[in-house]
Q: 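Attaching a single structure in structure tokens format; questions to follow.
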Amino acid sequence: MSHVFHCPPTLVIDGGARHEAAQHLVRLGSRRPLVVTDAGVVRLGAIDELLSELRAAGLEPVVFADVQPDPTDQNVAAGLAQLRSASCDALVAMGGGSPIDTAKAIGALATNAAPLAQYAGYHKIPNPGLPLLAIPTTAGTGSEATKVTVITDTTRDVKMMILSAHLVPTVALVDFELTLTMPAALTAAVGVDTLTHGIEAYVSRKAFGLTDALALSCIELCGRHLHTACREPGNRAAREGMMLAACQGGLAFANSSVCLVHGMSRPIGAMFHVPHGLSNAILLPTVTRFSWPASVQRYARIARILEFARLESNDNDAARMLADGLDRWNDDLRLPPLSRCPGIDRERFLASLPRMAEAALASGSPQNNPRVPTADEIVELYRQAWVTKHEN
Ligand SMILES: [Zn+2]
């Protein structure tokens, strides 16, 4: 199979890049963009700044702010209805992964027949969507750089993974200044999600030279900057480093793939509404412990980059140390274990495991893992991720 690399045709990465939104929309011929965001971003004030800059350039922006965390097909339908009733001609997504993913789906359904569920999976969207300008406010999902959207199908309680070149944003404005006010807990969870993107893109069976370079740089930047960004929210160098890491992670995994961590994480999000970054962070050490023997050199390289293993250690020793190091990171970053996440109780979790394992396998992501698990092995991994040293 030949390797294909998709990325936004225009990607601006710099402090202050958000101020370029109006000029790109004008260039794309937009007059009435739909600004897709959520209540949290509106509270930050960044939306007011964006709207006044768009209006100053003669545009007539319309705001859709009803995106919830773990966005649903209903959020997409409501946004699409607003886009049509206001005759909008482009989309601007400002926020974390949820508003950006929602805007991608709205843009696709503007030019392709509903329902969205028929496009779940790989490359099933026939027509290009409306122009989309993505402005991330977390570092992050990397959604601004990817051809992937994840939307919950509320009739089945399943997170649909939809991948298509038609979902790549037309313009990404990657501005770390928007992350300077992110709280420490969110910084930690989305930061470990970024690290997970780098690791999964690098160990994936679909990895190749271009994705390797981005994935390794993403991992190194996380190692250098994540703890500082959590401890010192206003540290510009750390925020800039994590924003670059998130963007590189997105570019890497969208063209390589995510693997077992993301495959197992989505059912936890769909059923228990544990935030994406947090459930990935919790699963990462357990899945790494299961996976490393199938790709020893690559896991060893990651362990050395993160300084969990000495440079001169042999590959087996280095790779074996990675999972313990990731456990320590979660402790240092004060990420709670699965058993302490709000909304997830033990009985319902255990009863749901077979169905969650099935949903994980159906997403296709676990099949890209260096070690491909059976459904029974996934159930066992969920159990291991629950039982941590924090539980008592
Ligand atoms: Zn992720």
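When a ligand or atom number is given, it counts from 1 through the structure's own listing order.
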Q: Who clusters with Val26? Use side-chain heavy atoms, under 4.5 angstrom, across I, L, V, M, F, W and Y, and order the result by chain and number.
A: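 Hydrophobic cluster check, Val26: joined to Val12, Leu25, Leu28, Val35, Val41, Val42, Ile47, Leu50, Leu51, Leu54, Leu59, Val63, Val92, Met94, Leu133, Ile135, Val171, Leu173, Leu178.
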
Q: For the Zn ion (ligand 1), check which protein N, O or S atoms are under 2.8 Å away and list them.
A: Asp193 OD1, His197 NE2, His262 NE2, His276 NE2

Q: Counting N and O atoms only, with roles assigned by atom type, does the side chain of Tyr382 sit under 3.5 Å from a partner on the main chain of Met264, one being a donor and the other an acceptor?
A: yes

Q: Is any side-chain N of the basic residue among Arg236 and Glu177 closer than 4.0 Å to the acidic one's carboxylate O?
A: yes

Q: For Lys147 and His123, indicate whether the former's side chain and the latter's backbone hold a donor-acceptor pair under 3.5 Å.
A: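 Between the backbone of His123 and the side chain of Lys147 there is no qualifying donor-acceptor contact (under 3.5 Å).
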
Q: Carefully, step by step, assess Gln248 and Ser217 under the rule side-chain contact (heavy atoms from CB on, under 4.5 Å).
A: CA-CA 7 Å; Gln248 289 181 337; Ser217 174; 2.7 Å; yes

Q: Is Glu200 reaching over with its side chain to a backbone N or O of His262, donor-acceptor style, under 3.5 angstrom?
A: yes

